[in-house]
Amino acid sequence: MTGNGATFHASAPVRLDFAGGWTDVAPFAWEEHGVVVNAAIELRSYADLRPGGDCYQLVSEDLGQTLELRGPEALVSNGELDLMKAALRRMSMGYAALRTRSQVPPGSGLGSSGALDVALVAALDAARGISRPARELAEEAWQLETVDAALAGGKQDQYAAALGGFHRLEFQRDQVKVTPLRLAADFVAELERRVIVCYTGTSRISSTTIARVMGRYRAREAEVVSALRTMAEVALEMAEALEAADLHRVARLLTANWRQQQRLDPGMQTPSMARLEDRLGQAGALGGKAAGAGAGGSMFFLLGGPRGPAEEAAREAGATVLPFTWAREGVKVW
């Protein structure tokens, strides 16, 4: 990296959303009562910042893009690394070298852009000697993506990335209620053994799908309104099932949430996702759903038996099995 001073590093975990994803997105979250249950996992997005130098040097390892920019118009949004530009612009950062990378594929549905938001804000804060509480960091990261970079999305990804752990998140206008879930340690370990995360090989731009679905919500299409309200109810039940260590109920609710997701948009379940769901069902999965917005990306399943046959079934369906552990710690800075 170019630059003259110290390098500031930050990382933040991605997440699995057990239930309620979509209900954290405006305008539904502002007008009704969004509820999401998610857990951070140890697959991280990274931001490395070195202030100084004679230009902005931006490197996205995931996208394979590098930019060197100079002058007062250097950070204008034009479709090239706009999130990184927005971060530098929002924080009034002078010339610097900024590099990002993630341990999950772009468009995985695991909230990597939200994790990257958090890592970017944390690295830029560190360079400016600023320290924020985790919740404030999550809000600043959401502002970065949705306002400055103009990418539609909810807040669950940023909160999971900043906080780590298992949470029930409740969303209303200008308010997020954060409730850590109290899970028995042996049940957390059992979930880790039984959950399989599969990347379908097809990425998607979630902001495009989100804008389309929320347009239908604004038009008060009955199918979309009903699905969103039902997903919020499923999320409340999911929090209870997890705290009760009820494995089979968790599995049923994963599938119930996925059925509601598919009501939101005709493209929510791609052919590769349908094939993966079918193969994992035959291999003993008790339930599962798309991670994040859906319409591609990843799916995860709760297994009723050994991992071996399920992993083989996923590979036969053309998916990549992603390794993970639960992330008890959120954003890290060094």
Is there a donor-acceptor pair under 3.5 Å between the side chain of R216 and the backbone N or O of L264?
yes

Under 4.5 Å between side-chain heavy atoms, hopping through other hydrophobics if needed: is there a path connecting Y95 to L81?
yes

Verdict with supporting geometry, D265 and R212, side chain to side chain contact (heavy atoms under 4.5 Å, CB included):
CA-CA 8 Å; D265 190 81; R212 184 168 60 247; 2.8 Å; yes

Minimum heavy-atom separation for A119 to A10, with atom names?
O-CB, 3.4 Å

Begin with the C-alpha distance, continue with both residues' side-chain angles, and end with the deciding distance and a verdict on side chain to side chain contact (heavy atoms under 4.5 Å, CB included) for Q57 and L67.
CA-CA 6 Å; Q57 184 186 76; L67 296 176; over 6 Å; no

If only side-chain N and O atoms count, and only distance matters, is there a donor-acceptor pair under 3.5 Å linking E61 with Y46?
no

Would E312 and R315 pass as an ion pair if we require N to O under 4.0 Å?
yes

Taking G297's backbone N and O only, do any of them form a donor-acceptor pair with T200's side chain (distance below 3.5 Å, no angle check)?
yes

Ignoring hydrogens and geometry beyond distance, is a side-chain donor-acceptor pair present between Q260 and R263 at under 3.5 Å?
yes

Just so I know, are the side chains of W326 and F166 near enough to count as touching, which here means a heavy-atom distance under 4.5 Å?
yes

Minimum heavy-atom distance between S112 and S45, given as atom pair plus value:
O-OG, 3.2 Å

If only atom types and distance count, is the side chain of D246 paired as donor or acceptor with the main-chain N or O of L242 below 3.5 Å?
no

Are the charged groups of R279 and E277 less than 4.0 angstrom apart, N to O?
no

Hydrogens and angles aside, do D24 and Q156 bring a side-chain donor and acceptor to less than 3.5 Å of each other?
no

Nearest heavy atoms of K332 and R44, plus distance in Å
CE-NH2, 3.4 Å

Start with the C-alpha distance between E32 and Y217, add both sets of side-chain angles, then the distance that settles side chain to side chain contact (heavy atoms under 4.5 Å, CB included), and finish with yes or no.
CA-CA 12 Å; E32 305 210 22; Y217 171 76; 3.1 Å; yes

Answer yes or no: is there a donor N or O on one side and an acceptor on the other, between the side chain of S226 and the main chain of A222, under 3.5 Å?
no

Give, for atom CD of Q158 and atom CZ of R135, the distance between the pair rounded to the nearest 0.5 Å.
14.0 Å

Please confirm whether the backbone N or O of G20 pairs with a side-chain atom of T23, one donor and one acceptor, at under 3.5 Å?
yes

In this structure, CZ of F300 is separated from CD1 of I41 (nearest 0.5 Å) by 9.0 Å

Minimum side-chain heavy-atom gap R168-L236 below 4.5 Å:
yes

Cluster check L116, V59: I/L/V/M/F/W/Y, side chain < 4.5 angstrom
no

Please answer whether the main-chain N or O of L303 pairs with a side-chain N or O of R194 as donor and acceptor at a distance below 3.5 Å.
yes

Charged N to carboxylate O below 4.0 Å: is that the case for R249 and E240?
yes

Ignoring hydrogens and geometry, is there a side-chain-to-backbone donor-acceptor pair from D17 to A19 under 3.5 Å?
no

Under a 4.5 Å cut-off applied to non-hydrogen side-chain atoms, are H9 and V333 in contact?
no

Is there a donor-acceptor pair under 3.5 Å between the side chain of H33 and the backbone N or O of W30?
no

Side-chain touch V76/R89, heavy atoms, less than 4.5 angstrom
no

Could you go step by step and tell me if E31 and R220 meet the salt bridge (charged side-chain N to carboxylate O under 4.0 Å, His left out) rule?
CA-CA 12 Å; E31 297 174 359; R220 293 300 188 268; 2.6 Å; yes

Correct closest heavy-atom pair for S113 and L83 would be O-CD2, 4.4 Å

CG/L276 to OG/S298 distance, rounded to the nearest 0.5 angstrom?
9.5 Å

When rounded to the nearest 0.5 Å, the distance separating CG of D117 from NZ of K155 is 12.5 Å

Can you tell me how far the CG atom of D157 sits from the OH atom of Y159, to the nearest 0.5 Å?
12.5 Å

Before you tell me yes or no, could you show the steps for L191 and L247 under side chain to side chain contact (heavy atoms under 4.5 Å, CB included), namely the whole-Å CA-CA distance, both residues' side-chain angles and the distance that decides it to 0.1 Å?
CA-CA 8 Å; L191 283 175; L247 191 74; 4.1 Å; yes

Are L253 and V36 in one and the same hydrophobic cluster, where Ile, Leu, Val, Met, Phe, Trp and Tyr link if side-chain heavy atoms are under 4.5 Å apart?
no

Examine distances only and state if a side-chain atom of D278 and a backbone atom of R275 form a donor-acceptor pair shorter than 3.5 Å.
no

Indicate if L58 and V121 have the same hydrophobic cluster label, given that clusters are the connected sets of ILVMFWY residues with side-chain heavy-atom separations under 4.5 angstrom.
yes

Same cluster or not: L169 versus M238, using hydrophobic residues (I, L, V, M, F, W, Y) connected whenever any side-chain heavy atoms lie under 4.5 Å apart?
no

Spacing of Q143 atom CD and R90 atom CZ [to the nearest 0.5 Å]
5.5 Å

Does a side-chain heavy-atom distance below 4.5 Å link H248 with L286?
yes

Those residues that, when tested against F8, pass ring pair (Phe, Tyr, Trp, His ring centres under 6.0 Å) (two or more places apart):
none

Are the side chains of E139 and V176 in contact, using a 4.5 Å heavy-atom criterion?
yes

Can you find a pair of side-chain heavy atoms, one from M299 and one from W258, that are under 4.5 Å apart?
yes

Please tell me if the side chains of M214 and L228 come closer than 4.5 Å, counting only heavy atoms from C-beta onward.
yes

Over all atoms of both residues, closest heavy-atom pair of Q261 and M268
O-CG, 3.4 Å

Strictly distance-based, threshold 3.5 Å: is any side-chain N or O of E243 a donor or acceptor partner for the main-chain N or O of R182?
yes

Heavy-atom closest pair, residues A160 and N38
CB-ND2, 3.7 Å

